[in-house]
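To start, the structure under review is shown below, and the notes come after it.
Nothing fancy with the numbering, it's 1 onward along the sequence. Excluded from the calculations below are hydrogen atoms, water molecules and symmetry mates; all remaining heavy atoms, backbone and side chain alike, are included. Read the numbers this way: they start at 1 and go in the same order the structure lists the ligands and their atoms.
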Amino acid sequence: MSYDLVVIGTGPGGYVCAIKAAQLGLKVAVVEKRKTHGGTCLNIGCIPSKALLHSSEVFEEATHNFEQLGIKTSKPKVDWKAMLANKDGVVESNVTGIDYLFKKNKVETHHGTGRILAPGKVEVTGEDGSSSILETKSIVIATGSDSTPLPGIDIDEKQVVTSTGALELEKVPGKLVVVGAGVIGLELGSVYARLGSQVTVVEFMDKVLGPMDSDVSKQFMRSLKKQGLAFKMSSKVTGVSKKGRGLEVTVEPAEGEAHAETLDADVVLVAIGRRPYTEGLGLKEAGVELDDRGRVKTDTHFKTTVDGIYAIGDVIAGPMLAHKAEDEGVALAEILAGQAGHVNYNVIPNVVYTSPEVASVGKTEDELKAEGIKYKAGKFPFTANGRAKAMLATDGMVKVLSDAETDQVLGVHIIGHGAGDMIHEACVLMEFGGSSEDLARTCHAHPTMSEAVKEAAMAVYDKPIHM
Ligand code: FAD
Ligand code: NAI
(Lines give C-alpha, C1' and ligand atoms only; values in the text may rest on other atoms or scores of the structure.)
(Ligands and ions follow the chains in the order given, each with its own letter.)
Protein backbone atom coordinates (compact mmCIF):
# COMPACT_ATOMS: atom_id res chain seq x y z
CA MET A 1 0.00 0.00 0.00
CA SER A 2 1.68 3.15 -1.17
CA TYR A 3 0.46 6.76 -0.83
CA ASP A 4 1.47 10.38 -1.28
CA LEU A 5 0.28 11.14 2.23
CA VAL A 6 -0.59 9.17 5.38
CA VAL A 7 -2.28 11.13 8.17
CA ILE A 8 -2.21 9.65 11.69
CA GLY A 9 -5.32 10.74 13.63
CA THR A 10 -8.65 11.85 12.19
CA GLY A 11 -9.61 14.75 14.46
CA PRO A 12 -10.39 18.17 12.95
CA GLY A 13 -6.70 18.60 12.03
CA GLY A 14 -6.19 15.17 10.44
CA TYR A 15 -9.49 14.65 8.64
CA VAL A 16 -9.48 18.16 7.14
CA CYS A 17 -5.85 17.80 5.99
CA ALA A 18 -6.64 14.41 4.39
CA ILE A 19 -9.71 15.69 2.54
CA LYS A 20 -8.01 18.87 1.29
CA ALA A 21 -4.94 16.90 0.12
CA ALA A 22 -7.19 14.44 -1.75
CA GLN A 23 -9.08 17.36 -3.32
CA LEU A 24 -5.71 18.68 -4.53
CA GLY A 25 -4.93 15.37 -6.26
CA LEU A 26 -2.81 13.50 -3.71
CA LYS A 27 -3.33 9.79 -2.94
CA VAL A 28 -4.20 9.86 0.76
CA ALA A 29 -4.78 7.38 3.61
CA VAL A 30 -5.71 8.02 7.24
CA VAL A 31 -4.97 5.90 10.31
CA GLU A 32 -7.30 6.16 13.32
CA LYS A 33 -7.26 4.08 16.49
CA ARG A 34 -10.75 5.11 17.63
CA LYS A 35 -13.72 3.25 16.10
CA THR A 36 -15.13 6.47 14.69
CA HIS A 37 -13.50 9.44 12.97
CA GLY A 38 -13.66 13.08 14.15
CA GLY A 39 -11.18 12.85 17.05
CA THR A 40 -11.66 14.48 20.42
CA CYS A 41 -13.79 17.25 18.95
CA LEU A 42 -16.58 15.21 17.40
CA ASN A 43 -16.53 12.21 19.78
CA ILE A 44 -15.79 13.55 23.27
CA GLY A 45 -15.28 17.32 22.94
CA CYS A 46 -16.79 20.23 21.02
CA ILE A 47 -19.86 18.46 19.65
CA PRO A 48 -21.19 16.44 22.63
CA SER A 49 -20.49 19.32 25.02
CA LYS A 50 -22.42 21.72 22.80
CA ALA A 51 -25.37 19.30 22.62
CA LEU A 52 -25.57 19.24 26.44
CA LEU A 53 -25.04 23.01 26.64
CA HIS A 54 -27.94 23.51 24.24
CA SER A 55 -30.32 21.13 26.07
CA SER A 56 -29.52 22.68 29.45
CA GLU A 57 -29.80 26.22 28.07
CA VAL A 58 -33.26 25.55 26.66
CA PHE A 59 -34.26 23.99 30.00
CA GLU A 60 -33.00 27.11 31.82
CA GLU A 61 -34.87 29.38 29.39
CA ALA A 62 -38.09 27.40 29.82
CA THR A 63 -37.75 27.43 33.61
CA HIS A 64 -36.90 31.10 34.08
CA ASN A 65 -37.97 33.16 31.07
CA PHE A 66 -41.12 31.60 29.63
CA GLU A 67 -43.47 33.33 32.05
CA GLN A 68 -42.07 36.80 31.30
CA LEU A 69 -42.29 36.04 27.58
CA GLY A 70 -45.98 35.20 28.03
CA ILE A 71 -45.73 31.44 27.61
CA LYS A 72 -47.57 29.19 30.06
CA THR A 73 -46.43 25.58 30.41
CA SER A 74 -46.29 23.10 33.26
CA LYS A 75 -42.93 23.13 35.10
CA PRO A 76 -40.28 21.61 32.78
CA LYS A 77 -38.44 18.52 34.05
CA VAL A 78 -35.06 17.10 33.12
CA ASP A 79 -35.00 13.68 31.45
CA TRP A 80 -31.26 13.07 31.76
CA LYS A 81 -31.25 9.77 29.85
CA ALA A 82 -33.04 11.44 26.93
CA MET A 83 -30.60 14.37 27.03
CA LEU A 84 -27.69 11.93 26.82
CA ALA A 85 -29.39 10.01 24.01
CA ASN A 86 -29.89 13.25 22.05
CA LYS A 87 -26.20 14.09 22.58
CA ASP A 88 -25.17 10.62 21.36
CA GLY A 89 -27.35 11.02 18.27
CA VAL A 90 -25.71 14.36 17.47
CA VAL A 91 -22.25 12.77 17.80
CA GLU A 92 -23.29 9.81 15.63
CA SER A 93 -24.57 12.02 12.83
CA ASN A 94 -21.36 14.08 12.88
CA VAL A 95 -18.92 11.16 12.89
CA THR A 96 -20.73 9.29 10.13
CA GLY A 97 -20.55 12.53 8.14
CA ILE A 98 -16.75 12.15 8.14
CA ASP A 99 -17.04 8.58 6.77
CA TYR A 100 -19.14 9.98 3.95
CA LEU A 101 -16.62 12.77 3.22
CA PHE A 102 -13.70 10.31 3.17
CA LYS A 103 -15.53 8.10 0.65
CA LYS A 104 -16.56 11.07 -1.46
CA ASN A 105 -12.96 12.31 -1.63
CA LYS A 106 -11.41 8.83 -2.05
CA VAL A 107 -9.44 9.00 1.21
CA GLU A 108 -8.56 5.42 2.27
CA THR A 109 -9.13 4.60 5.92
CA HIS A 110 -7.15 2.24 8.17
CA HIS A 111 -8.37 1.52 11.69
CA GLY A 112 -5.63 0.82 14.20
CA THR A 113 -2.78 2.48 16.05
CA GLY A 114 -0.24 4.19 13.83
CA ARG A 115 3.48 4.06 14.57
CA ILE A 116 6.19 5.74 12.52
CA LEU A 117 8.87 3.18 11.65
CA ALA A 118 10.91 5.63 9.57
CA PRO A 119 10.23 8.55 7.21
CA GLY A 120 7.89 7.08 4.57
CA LYS A 121 6.81 4.05 6.66
CA VAL A 122 3.82 3.81 9.02
CA GLU A 123 2.91 0.60 10.80
CA VAL A 124 -0.78 0.11 11.62
CA THR A 125 -1.68 -2.29 14.43
CA GLY A 126 -5.33 -3.32 14.65
CA GLU A 127 -7.23 -4.15 17.84
CA ASP A 128 -6.77 -7.86 17.07
CA GLY A 129 -2.98 -7.40 16.97
CA SER A 130 -2.68 -7.74 13.18
CA SER A 131 -0.35 -5.25 11.56
CA SER A 132 0.32 -3.79 8.12
CA ILE A 133 2.79 -1.28 6.74
CA LEU A 134 1.85 1.78 4.69
CA GLU A 135 4.47 3.34 2.41
CA THR A 136 4.14 7.06 1.78
CA LYS A 137 5.96 10.17 0.57
CA SER A 138 4.78 12.26 3.56
CA ILE A 139 3.46 11.56 7.06
CA VAL A 140 1.29 13.94 9.09
CA ILE A 141 1.07 13.55 12.87
CA ALA A 142 -2.39 14.77 13.93
CA THR A 143 -2.78 12.79 17.15
CA GLY A 144 -4.24 15.62 19.24
CA SER A 145 -4.25 15.86 23.01
CA ASP A 146 -5.70 14.36 26.19
CA SER A 147 -6.59 15.65 29.67
CA THR A 148 -3.79 16.71 32.00
CA PRO A 149 -3.95 14.60 35.18
CA LEU A 150 -3.87 16.14 38.66
CA PRO A 151 -1.02 14.49 40.62
CA GLY A 152 -2.27 12.24 43.40
CA ILE A 153 -5.87 12.18 42.17
CA ASP A 154 -7.14 9.01 40.50
CA ILE A 155 -9.59 9.40 37.65
CA ASP A 156 -12.23 6.63 37.44
CA GLU A 157 -14.42 8.50 34.89
CA LYS A 158 -17.47 7.74 37.11
CA GLN A 159 -17.08 9.90 40.23
CA VAL A 160 -13.74 11.56 39.60
CA VAL A 161 -13.93 12.48 35.95
CA THR A 162 -12.29 14.35 33.10
CA SER A 163 -14.48 16.01 30.46
CA THR A 164 -14.95 12.56 28.89
CA GLY A 165 -16.69 11.11 31.97
CA ALA A 166 -18.53 14.38 32.59
CA LEU A 167 -20.26 13.98 29.22
CA GLU A 168 -21.93 10.75 30.34
CA LEU A 169 -22.53 10.77 34.08
CA GLU A 170 -25.10 8.26 35.28
CA LYS A 171 -27.18 11.04 36.81
CA VAL A 172 -27.08 14.77 37.43
CA PRO A 173 -24.91 15.07 40.56
CA GLY A 174 -26.25 16.83 43.66
CA LYS A 175 -22.87 18.42 44.33
CA LEU A 176 -20.22 18.90 41.66
CA VAL A 177 -16.73 20.23 42.39
CA VAL A 178 -14.91 21.46 39.29
CA VAL A 179 -11.13 21.82 39.41
CA GLY A 180 -10.09 24.59 36.99
CA ALA A 181 -12.07 27.66 35.91
CA GLY A 182 -11.01 27.29 32.29
CA VAL A 183 -13.14 26.61 29.23
CA ILE A 184 -14.07 23.00 30.04
CA GLY A 185 -14.76 23.66 33.72
CA LEU A 186 -17.06 26.61 33.02
CA GLU A 187 -18.88 25.09 30.03
CA LEU A 188 -19.58 21.76 31.73
CA GLY A 189 -20.01 23.43 35.15
CA SER A 190 -22.74 25.58 33.53
CA VAL A 191 -24.47 22.51 32.12
CA TYR A 192 -24.80 20.89 35.55
CA ALA A 193 -25.61 24.14 37.40
CA ARG A 194 -28.55 24.68 35.01
CA LEU A 195 -29.73 21.12 35.55
CA GLY A 196 -29.78 21.58 39.33
CA SER A 197 -26.31 20.61 40.64
CA GLN A 198 -24.68 22.71 43.32
CA VAL A 199 -21.44 23.60 41.51
CA THR A 200 -18.24 24.83 43.20
CA VAL A 201 -15.32 25.76 40.97
CA VAL A 202 -11.82 25.68 42.48
CA GLU A 203 -9.32 27.76 40.51
CA PHE A 204 -5.59 28.20 41.00
CA MET A 205 -5.48 31.77 39.67
CA ASP A 206 -7.43 34.84 40.83
CA LYS A 207 -9.38 35.10 37.55
CA VAL A 208 -11.60 32.82 35.48
CA LEU A 209 -10.66 32.06 31.85
CA GLY A 210 -7.06 33.15 32.53
CA PRO A 211 -5.98 34.34 29.07
CA MET A 212 -9.21 36.30 28.37
CA ASP A 213 -9.51 40.10 28.64
CA SER A 214 -9.77 41.03 32.35
CA ASP A 215 -12.92 43.17 31.89
CA VAL A 216 -14.68 40.27 30.19
CA SER A 217 -13.43 37.80 32.76
CA LYS A 218 -14.76 39.91 35.68
CA GLN A 219 -18.17 40.41 34.09
CA PHE A 220 -18.34 36.71 33.18
CA MET A 221 -17.61 35.60 36.73
CA ARG A 222 -20.33 37.94 38.08
CA SER A 223 -22.76 36.45 35.62
CA LEU A 224 -21.86 32.86 36.54
CA LYS A 225 -22.23 33.66 40.25
CA LYS A 226 -25.74 35.00 39.56
CA GLN A 227 -26.48 31.66 37.89
CA GLY A 228 -25.56 29.90 41.14
CA LEU A 229 -21.98 28.73 40.52
CA ALA A 230 -19.71 29.20 43.56
CA PHE A 231 -15.99 29.95 43.23
CA LYS A 232 -12.93 29.27 45.34
CA MET A 233 -10.28 31.38 43.63
CA SER A 234 -6.51 31.33 44.23
CA SER A 235 -7.00 27.79 45.53
CA LYS A 236 -5.94 24.30 44.58
CA VAL A 237 -7.34 20.82 45.14
CA THR A 238 -4.77 18.64 46.88
CA GLY A 239 -6.75 15.47 47.52
CA VAL A 240 -9.97 13.61 46.81
CA SER A 241 -11.04 10.71 49.04
CA LYS A 242 -14.12 8.50 49.37
CA LYS A 243 -16.63 9.55 52.03
CA GLY A 244 -19.55 7.16 52.23
CA ARG A 245 -21.08 7.11 48.75
CA GLY A 246 -19.66 10.53 48.00
CA LEU A 247 -16.29 12.25 47.98
CA GLU A 248 -14.36 14.61 50.20
CA VAL A 249 -12.26 17.19 48.40
CA THR A 250 -9.34 18.92 50.13
CA VAL A 251 -8.79 22.51 49.03
CA GLU A 252 -5.80 24.65 49.97
CA PRO A 253 -4.72 28.19 49.11
CA ALA A 254 -2.73 28.25 45.87
CA GLU A 255 0.29 29.44 47.85
CA GLY A 256 1.15 27.36 50.92
CA GLU A 257 -0.65 24.75 52.96
CA ALA A 258 -2.35 26.87 55.63
CA HIS A 259 -6.17 26.96 56.00
CA ALA A 260 -6.91 23.68 54.21
CA GLU A 261 -10.66 23.05 54.03
CA THR A 262 -12.81 20.23 52.74
CA LEU A 263 -15.78 20.20 50.39
CA ASP A 264 -18.32 17.40 49.97
CA ALA A 265 -18.99 16.27 46.42
CA ASP A 266 -20.84 13.59 44.50
CA VAL A 267 -18.66 14.12 41.46
CA VAL A 268 -15.32 15.89 40.90
CA LEU A 269 -14.47 17.15 37.40
CA VAL A 270 -10.75 17.68 36.79
CA ALA A 271 -10.33 20.27 34.01
CA ILE A 272 -6.88 21.77 34.44
CA GLY A 273 -5.80 21.76 30.81
CA ARG A 274 -4.86 19.32 28.06
CA ARG A 275 -1.50 17.94 26.97
CA PRO A 276 -0.23 16.79 23.57
CA TYR A 277 -0.75 13.11 22.81
CA THR A 278 2.28 11.35 21.30
CA GLU A 279 2.20 7.98 23.05
CA GLY A 280 3.22 4.94 21.02
CA LEU A 281 4.00 6.91 17.85
CA GLY A 282 7.67 5.96 17.88
CA LEU A 283 8.76 9.60 17.63
CA LYS A 284 11.99 9.26 19.59
CA GLU A 285 13.17 6.34 17.47
CA ALA A 286 12.25 8.23 14.29
CA GLY A 287 14.19 11.31 15.46
CA VAL A 288 11.13 13.59 15.77
CA GLU A 289 11.90 16.09 18.56
CA LEU A 290 9.48 17.44 21.17
CA ASP A 291 9.66 20.86 22.90
CA ASP A 292 9.87 21.34 26.69
CA ARG A 293 6.05 21.02 26.95
CA GLY A 294 5.92 17.71 25.09
CA ARG A 295 4.62 19.26 21.83
CA VAL A 296 5.99 18.12 18.47
CA LYS A 297 8.47 20.76 17.27
CA THR A 298 7.64 22.18 13.83
CA ASP A 299 8.85 24.96 11.56
CA THR A 300 6.49 27.54 10.01
CA HIS A 301 5.56 24.99 7.33
CA PHE A 302 4.56 22.31 9.90
CA LYS A 303 7.68 20.22 9.15
CA THR A 304 9.06 18.36 12.18
CA THR A 305 12.77 17.87 12.80
CA VAL A 306 12.64 14.98 10.28
CA ASP A 307 12.16 15.51 6.51
CA GLY A 308 8.89 14.07 5.21
CA ILE A 309 7.21 14.10 8.67
CA TYR A 310 4.82 16.95 9.52
CA ALA A 311 2.53 17.76 12.46
CA ILE A 312 -0.60 19.88 13.04
CA GLY A 313 -3.32 20.57 15.61
CA ASP A 314 -3.28 20.09 19.39
CA VAL A 315 -0.07 18.07 19.22
CA ILE A 316 1.96 21.16 18.18
CA ALA A 317 2.28 24.66 19.70
CA GLY A 318 -0.61 27.15 19.67
CA PRO A 319 -4.15 27.24 21.02
CA MET A 320 -5.81 23.83 21.37
CA LEU A 321 -8.83 24.65 19.23
CA ALA A 322 -10.60 22.65 16.55
CA HIS A 323 -10.66 25.51 14.02
CA LYS A 324 -6.92 26.16 14.52
CA ALA A 325 -6.28 22.44 13.81
CA GLU A 326 -8.55 22.57 10.73
CA ASP A 327 -6.85 25.65 9.30
CA GLU A 328 -3.45 24.06 9.81
CA GLY A 329 -4.76 20.94 8.05
CA VAL A 330 -5.78 22.95 4.98
CA ALA A 331 -2.55 24.98 4.94
CA LEU A 332 -0.36 21.86 5.19
CA ALA A 333 -2.29 20.04 2.44
CA GLU A 334 -1.76 23.08 0.20
CA ILE A 335 1.95 23.18 1.01
CA LEU A 336 2.30 19.45 0.24
CA ALA A 337 0.52 20.01 -3.08
CA GLY A 338 3.02 22.74 -3.97
CA GLN A 339 0.80 25.70 -3.07
CA ALA A 340 1.29 28.50 -0.53
CA GLY A 341 -0.53 27.36 2.61
CA HIS A 342 -0.69 29.82 5.50
CA VAL A 343 -2.41 30.31 8.88
CA ASN A 344 -2.79 33.80 10.39
CA TYR A 345 -2.30 33.09 14.10
CA ASN A 346 -3.19 36.70 14.97
CA VAL A 347 -6.79 36.14 13.94
CA ILE A 348 -7.93 32.92 15.61
CA PRO A 349 -11.22 33.44 17.44
CA ASN A 350 -11.82 31.94 20.86
CA VAL A 351 -15.36 31.17 21.98
CA VAL A 352 -16.73 29.89 25.28
CA TYR A 353 -20.22 28.46 24.71
CA THR A 354 -21.75 29.37 28.05
CA SER A 355 -24.66 31.71 28.64
CA PRO A 356 -23.77 34.48 28.07
CA GLU A 357 -21.24 33.37 25.46
CA VAL A 358 -17.74 34.79 25.56
CA ALA A 359 -15.85 35.43 22.32
CA SER A 360 -12.61 37.16 21.51
CA VAL A 361 -10.11 37.67 18.73
CA GLY A 362 -6.74 39.41 18.71
CA LYS A 363 -5.06 41.16 21.61
CA THR A 364 -6.60 41.69 25.05
CA GLU A 365 -6.27 45.08 26.78
CA ASP A 366 -3.94 43.40 29.30
CA GLU A 367 -1.64 42.23 26.47
CA LEU A 368 -1.57 45.66 24.80
CA LYS A 369 -0.60 47.27 28.13
CA ALA A 370 2.09 44.65 28.80
CA GLU A 371 3.52 45.10 25.28
CA GLY A 372 3.50 48.91 25.61
CA ILE A 373 1.27 49.34 22.52
CA LYS A 374 -0.70 52.61 22.52
CA TYR A 375 -4.37 51.87 21.92
CA LYS A 376 -7.89 53.29 22.02
CA ALA A 377 -10.80 51.35 23.53
CA GLY A 378 -14.55 51.55 22.92
CA LYS A 379 -17.25 49.66 24.81
CA PHE A 380 -20.97 49.19 24.35
CA PRO A 381 -23.30 47.30 26.73
CA PHE A 382 -26.14 45.06 25.54
CA THR A 383 -28.41 46.85 28.06
CA ALA A 384 -28.57 49.64 25.44
CA ASN A 385 -29.34 47.32 22.50
CA GLY A 386 -32.98 47.00 21.40
CA ARG A 387 -32.79 43.39 20.17
CA ALA A 388 -31.08 42.29 23.39
CA LYS A 389 -33.93 43.84 25.41
CA ALA A 390 -36.52 42.06 23.25
CA MET A 391 -34.74 38.74 23.83
CA LEU A 392 -34.12 39.23 27.57
CA ALA A 393 -30.42 38.99 26.71
CA THR A 394 -29.01 42.27 28.04
CA ASP A 395 -26.19 40.63 30.03
CA GLY A 396 -22.85 41.59 28.48
CA MET A 397 -20.95 44.06 26.32
CA VAL A 398 -18.66 44.52 23.33
CA LYS A 399 -15.17 45.98 23.57
CA VAL A 400 -13.16 47.08 20.54
CA LEU A 401 -9.45 47.90 20.81
CA SER A 402 -7.58 49.73 18.06
CA ASP A 403 -4.13 51.17 17.48
CA ALA A 404 -3.97 54.74 18.85
CA GLU A 405 -2.22 56.06 15.74
CA THR A 406 -3.54 54.06 12.78
CA ASP A 407 -6.94 52.98 14.21
CA GLN A 408 -6.28 49.42 12.97
CA VAL A 409 -8.39 47.05 15.08
CA LEU A 410 -6.13 44.94 17.30
CA GLY A 411 -8.69 43.03 19.36
CA VAL A 412 -12.42 42.55 19.86
CA HIS A 413 -14.00 41.02 22.97
CA ILE A 414 -17.66 40.17 23.34
CA ILE A 415 -19.63 38.76 26.23
CA GLY A 416 -23.29 38.22 25.42
CA HIS A 417 -25.90 36.06 23.72
CA GLY A 418 -24.59 34.95 20.30
CA ALA A 419 -21.08 36.34 20.91
CA GLY A 420 -19.60 33.28 19.16
CA ASP A 421 -21.30 34.21 15.90
CA MET A 422 -20.88 37.98 16.21
CA ILE A 423 -17.10 37.71 16.61
CA HIS A 424 -16.65 36.73 12.96
CA GLU A 425 -17.26 40.18 11.54
CA ALA A 426 -14.31 41.27 13.68
CA CYS A 427 -12.25 38.36 12.30
CA VAL A 428 -12.97 39.36 8.69
CA LEU A 429 -12.23 43.00 9.47
CA MET A 430 -8.92 42.12 11.16
CA GLU A 431 -7.96 39.72 8.36
CA PHE A 432 -8.18 42.72 6.00
CA GLY A 433 -6.40 45.07 8.45
CA GLY A 434 -9.54 47.19 8.94
CA SER A 435 -10.02 50.08 11.36
CA SER A 436 -12.66 50.82 14.01
CA GLU A 437 -13.99 53.46 11.61
CA ASP A 438 -14.39 50.83 8.85
CA LEU A 439 -16.37 48.70 11.30
CA ALA A 440 -18.52 51.60 12.52
CA ARG A 441 -19.27 52.87 8.99
CA THR A 442 -20.40 49.40 7.84
CA CYS A 443 -24.19 49.32 7.77
CA HIS A 444 -25.54 46.86 10.38
CA ALA A 445 -29.11 45.56 10.20
CA HIS A 446 -31.56 46.74 12.86
CA PRO A 447 -32.52 45.33 15.28
CA THR A 448 -29.59 42.94 15.79
CA MET A 449 -27.21 42.16 18.62
CA SER A 450 -24.42 42.96 16.13
CA GLU A 451 -25.34 46.64 16.29
CA ALA A 452 -23.53 46.62 19.65
CA VAL A 453 -20.32 45.75 17.75
CA LYS A 454 -20.85 48.75 15.47
CA GLU A 455 -21.57 51.03 18.45
CA ALA A 456 -18.48 49.81 20.35
CA ALA A 457 -16.43 50.62 17.21
CA MET A 458 -18.08 54.08 17.10
CA ALA A 459 -17.04 54.53 20.72
CA VAL A 460 -13.41 54.05 19.63
CA TYR A 461 -13.09 56.66 16.89
CA ASP A 462 -16.08 58.89 17.65
CA LYS A 463 -19.12 58.58 19.94
CA PRO A 464 -21.81 55.91 20.06
CA ILE A 465 -25.37 57.01 19.28
CA HIS A 466 -27.36 54.92 21.72
CA MET A 467 -25.41 55.52 24.91
P1 FAD B 1 -7.93 15.33 18.12
O2 FAD B 1 -9.28 15.83 17.84
O3 FAD B 1 -7.56 15.05 19.54
O4 FAD B 1 -7.78 13.99 17.26
C5 FAD B 1 -6.67 13.18 17.36
C6 FAD B 1 -7.04 11.78 16.89
O7 FAD B 1 -5.86 11.02 16.77
C8 FAD B 1 -7.94 11.01 17.86
O9 FAD B 1 -9.07 10.54 17.19
C10 FAD B 1 -7.07 9.86 18.35
O11 FAD B 1 -7.81 8.66 18.58
C12 FAD B 1 -6.12 9.69 17.18
N13 FAD B 1 -4.83 9.07 17.52
C14 FAD B 1 -3.97 9.42 18.51
N15 FAD B 1 -2.86 8.66 18.45
C16 FAD B 1 -3.03 7.81 17.41
C17 FAD B 1 -2.23 6.78 16.83
N18 FAD B 1 -1.00 6.49 17.30
N19 FAD B 1 -2.73 6.09 15.79
C20 FAD B 1 -3.96 6.38 15.29
N21 FAD B 1 -4.74 7.34 15.77
C22 FAD B 1 -4.28 8.06 16.81
N23 FAD B 1 -12.29 23.23 20.49
C24 FAD B 1 -12.98 24.18 19.85
O25 FAD B 1 -12.44 24.83 18.96
N26 FAD B 1 -14.28 24.46 20.17
C27 FAD B 1 -14.93 23.80 21.16
O28 FAD B 1 -16.10 24.06 21.43
C29 FAD B 1 -14.22 22.79 21.87
N30 FAD B 1 -14.83 22.10 22.85
C31 FAD B 1 -14.14 21.11 23.49
C32 FAD B 1 -14.77 20.44 24.53
C33 FAD B 1 -14.11 19.45 25.22
C34 FAD B 1 -14.81 18.73 26.34
C35 FAD B 1 -12.77 19.10 24.84
C36 FAD B 1 -12.05 18.00 25.55
C37 FAD B 1 -12.13 19.78 23.82
C38 FAD B 1 -12.80 20.80 23.14
N39 FAD B 1 -12.19 21.53 22.12
C40 FAD B 1 -12.88 22.52 21.48
C41 FAD B 1 -10.80 21.25 21.69
C42 FAD B 1 -10.81 20.41 20.40
O43 FAD B 1 -11.50 19.21 20.64
C44 FAD B 1 -9.38 20.14 19.96
O45 FAD B 1 -8.68 21.35 19.81
C46 FAD B 1 -9.37 19.41 18.62
O47 FAD B 1 -10.08 18.20 18.69
C48 FAD B 1 -7.93 19.13 18.18
O49 FAD B 1 -7.95 18.45 16.97
P50 FAD B 1 -6.76 17.49 16.52
O51 FAD B 1 -7.12 17.01 15.16
O52 FAD B 1 -5.46 18.15 16.72
O53 FAD B 1 -6.79 16.27 17.56
P1 NAI C 1 -7.84 25.59 30.42
O2 NAI C 1 -6.40 25.77 30.17
O3 NAI C 1 -8.82 26.36 29.64
O4 NAI C 1 -8.15 25.90 31.95
C5 NAI C 1 -7.54 25.21 32.98
C6 NAI C 1 -7.68 26.01 34.27
O7 NAI C 1 -7.29 25.19 35.35
C8 NAI C 1 -6.82 27.26 34.30
O9 NAI C 1 -7.61 28.37 34.67
C10 NAI C 1 -5.76 26.93 35.34
O11 NAI C 1 -5.31 28.06 36.06
C12 NAI C 1 -6.52 25.97 36.24
N13 NAI C 1 -5.66 25.06 37.02
C14 NAI C 1 -4.54 24.41 36.62
N15 NAI C 1 -4.07 23.64 37.61
C16 NAI C 1 -4.93 23.77 38.65
C17 NAI C 1 -5.00 23.21 39.96
N18 NAI C 1 -4.11 22.33 40.37
N19 NAI C 1 -6.01 23.58 40.78
C20 NAI C 1 -6.95 24.47 40.34
N21 NAI C 1 -6.94 25.04 39.11
C22 NAI C 1 -5.94 24.68 38.28
O23 NAI C 1 -8.08 24.01 30.29
P24 NAI C 1 -9.41 23.15 30.13
O25 NAI C 1 -10.59 23.88 30.65
O26 NAI C 1 -9.06 21.83 30.72
O27 NAI C 1 -9.54 23.01 28.57
C28 NAI C 1 -8.46 22.49 27.81
C29 NAI C 1 -8.46 23.07 26.45
O30 NAI C 1 -9.48 22.51 25.65
C31 NAI C 1 -8.72 24.58 26.40
O32 NAI C 1 -7.58 25.32 26.70
C33 NAI C 1 -9.16 24.76 24.99
O34 NAI C 1 -8.02 24.86 24.18
C35 NAI C 1 -9.91 23.46 24.69
N36 NAI C 1 -11.35 23.67 24.81
C37 NAI C 1 -11.94 24.63 24.04
C38 NAI C 1 -13.28 24.89 24.15
C39 NAI C 1 -13.87 25.98 23.32
O40 NAI C 1 -13.22 26.45 22.41
N41 NAI C 1 -15.10 26.40 23.59
C42 NAI C 1 -14.15 24.14 25.05
C43 NAI C 1 -13.42 23.17 25.83
C44 NAI C 1 -12.09 22.96 25.68
Handout entry: E371 CD: over 12 foreign heavy atoms closer than 6.0 Å
Key = yes
Sub-4.0 Å heavy-atom contact, [X] with ligand 1:
X: K50; answer: yes
X: R274; answer: yes
X: G112; answer: yes

Closest protein heavy atom (residue, atom, distance) for [atom]:
atom: atom 51 (O) of ligand 1; answer: G13 N, 2.9 Å
atom: atom 18 (N) of ligand 1; answer: G114 O, 3.1 Å
atom: atom 39 (N) of ligand 1; answer: C46 SG, 3.7 Å

Handout entry: Side chain proximity check, D213 to K399, heavy atoms < 4.5 angstrom
Key = yes
Handout entry: Considering all heavy atoms, the nearest S56-L195 contact
Key = CB-CD2, 3.8 Å
Problem - Test of ring centre spacing under 6.0 Å for H342 and H301 - result: no
Exercise for the section: Verify the ring-centre separation between W80 and F59: is it less than 6.0 angstrom? Expected result: no
Regarding [atom]: of the candidates [options], which has the closest heavy atom?
atom: atom 44 (C) of ligand 1; options: D314, T125, V352; value: D314
atom: atom 10 (C) of ligand 1; options: K33, E32, R115; value: E32
atom: atom 35 (C) of ligand 1; options: G45, A142, P349, A271; value: G45
atom: atom 24 (C) of ligand 1; options: P319, A322, G39; value: A322

Answer side chain, backbone, both or neither: which part of [X] comes under 4.0 Å from ligand 1, heavy atoms only.
X: T143; answer: both
X: S147; answer: neither
X: Y15; answer: neither
X: I44; answer: backbone
X: S49; answer: side chain
X: V351; answer: neither

Practice task
For T136 and D4, indicate whether the former's side chain and the latter's backbone hold a donor-acceptor pair under 3.5 Å.
Solution key: yes
Problem - Numbered atoms of ligand 1 (with element) below 4.0 Å of Y277, judged on heavy atoms - result: 14 (C), 15 (N)
Handout entry: Atoms in ligand 1 flagged as close to G313, the criterion being non-hydrogen separation under 4.0 Å
Key = 52 (O)
Could you list each N/O atom of ligand 2 together with any protein N/O atom closer than 3.5 Å, one pair per line with the distance?
unit_1, atom_1, unit_2, atom_2, d
ligand 2, 3 (O), V183, N, 3.3
ligand 2, 9 (O), E203, OE1, 2.7
ligand 2, 9 (O), E203, OE2, 3.2
ligand 2, 11 (O), E203, OE2, 2.6
ligand 2, 21 (N), F204, N, 3.2
ligand 2, 23 (O), G273, N, 3.4
ligand 2, 25 (O), V183, N, 3.3
ligand 2, 25 (O), I184, N, 2.9
ligand 2, 26 (O), G273, N, 2.9
ligand 2, 34 (O), M320, O, 2.6
ligand 2, 40 (O), V351, O, 3.4
ligand 2, 41 (N), E187, OE2, 2.9
ligand 2, 41 (N), V351, O, 2.7

Handout entry: Ring-face cation contact, Y3 with K27, 6.0 Å cut, 45° max
Key = yes
